[in-house]
Amino acid sequence: MPEGHSIHRYARLHRAMLGGRAVAAWSPQGRFDAGAAAIDGTTLVDVEAQGKHLFYRFAGNASDLNLHVHLGLFGRFRHYDTDAAPPTSGTRLVLAAGQTQVQLAGATACELVDPATETALRARLGPDPLQNEDPSRAFAALRRRTVGIGQALLDQRVIAGIGNVYRAEVLFLAGIHPDRPARDIDRGQFDDLWKTLRRLMTAGERTGRIVTIALADRDRPPSRLRADQRLYVYKRAGQPCRRCGTPIRSWELAARTMYACPRCQPT
DNA sequence: GCTGCATGATGAA
DNA sequence: TCATCCTGCAGCA
């Protein structure tokens with residue numbers, strides 16, 4: 001479930017599990033043999049998240065390279081404190097210290113990067129709602145887009161860390177139709193969007209799941225909501241809107257499925 | 001057991 | 001806009 005909130009959560013978890021410890025590293029799949037060998041035996045100093053990207057810093061290796069991980073759509077971590085399951089054949093990387101293991105499979109990116117490459121990578125990202133950055137840059141970027149707000153929000157150069165779920169949910173909460181031109185969003189609406197994103201994603205990082213339902217629209221704490229009770233529109237095509245009862249619509253937008261309520265989010 | 005889809009991003013055209 | 005990377009699992013037989 002790799003939207004930004006999960007990535008920040010992983011950074012925290014991996015820091016707690018392996019930070020300050022010498023790690024053994026290997027690549028069961030074999031596609032990261034050289035990289036793993038360079039890390040193997042070094043000490044994990046820090047793990048940092050920016051948007052959907054993770055950066056791992058190690059001390060004690062000569063190369064000055066950091067590990068860059070991007071989970072993409074398929075990437076998945078498995079974590080063990082004891083009794084680690086044997087890694088699947090597709091596991092790209094295992095980081096281990098004693099009984100503790102972090103296993104990584106299916107990632108879009110698992111590579112060692114030099115400082116210049118990392119800087120360039122990070123420079124491509126817009127402000128991250130989970131880092132309490134000044135969102136002015138994101139607003140300016142939005143105003144330059146010719147596409148709809150729904151498409152612009154998935155662009156990591158505008159805001160880093162949003163994925164398809166937060167995109168759909170935040171636009172519902174703002175009452176904005178995804179097809180409305182991004183450049184038509186005014187500063188007040190944008191500040192509202194940003195504030196909502198920060199609130200939702202902070203809660204997501206804390207709890208590990210995406211819950212957007214407002215207090216007024218639910219009858220029990222988020223932890224006790226079923227999976228299909230946590231969201232307003234995402235994956236609810238054809239079902240009645242929780243606010244007005246109109247059937248939720250879905251359609252392809254920028255190669256992803258978009259969801260919206262036609263009544264609460266007028267064009 | 002099989003199929004299709006999934007909370008992502010890139011590079012070629 | 002499309003193909004590609006490539007894993008897991010829900011839903012169905």
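In what follows, chains carry the letters A, B, and so on, assigned in the order in which the sequence lines appear, proteins first and then strands, with residues in each chain numbered from 1.
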Exercise. Give a yes or no on whether a salt bridge exists between A:Arg187 and A:Asp191, defined as a side-chain N under 4.0 angstrom from a carboxylate O.
Key: yes
Quiz item: Should B:dT7 form a Watson-Crick or G-U wobble pair with both distances under 3.5 Å, which nucleotide is its partner?
Solution: none
Practice problem: Check the angle between the aromatic planes of A:His68 and A:His70 and answer parallel, tilted or perpendicular using the 30° and 60° thresholds. | Solution: perpendicular
Practice problem: To the nearest Å, give me how far apart CG (A:Leu200) and C1' (B:dT7) are. | Solution: 14 Å
Self-check item: Between C1' of B:dT7 and OH of A:Tyr166, the distance in whole Å
Solution: 9 Å
Quiz item: Closer than 4.0 Å, any side-chain N/O of A:Arg78 to the OP1 or OP2 of C:dG8?
Solution: yes
Quiz item: How are the rings of A:Tyr166 and A:His5 set to each other: parallel, tilted or perpendicular (split at 30° and 60°)?
Solution: perpendicular
Practice problem: Can you tell me the distance, in whole Å, between the CZ atom of A:Arg76 and the P atom of C:dC5? | Solution: 22 Å
Quiz item: What is the distance from CG of A:Leu130 to C1' of B:dT7, rounded to the nearest Å?
Solution: 14 Å
Quiz item: For the residue pair A:His14 and A:Phe77, does the interplanar ring angle fall in the parallel (under 30°), tilted (30 to 60°) or perpendicular (over 60°) class?
Solution: perpendicular
Self-check item: Whole angstrom value for the distance that separates P of B:dG8 from CD of A:Glu3
Solution: 5 Å
Practice problem: Return the value, rounded to whole Å, for the distance between atom CG of A:Leu73 and atom C1' of C:dG8. | Solution: 11 Å
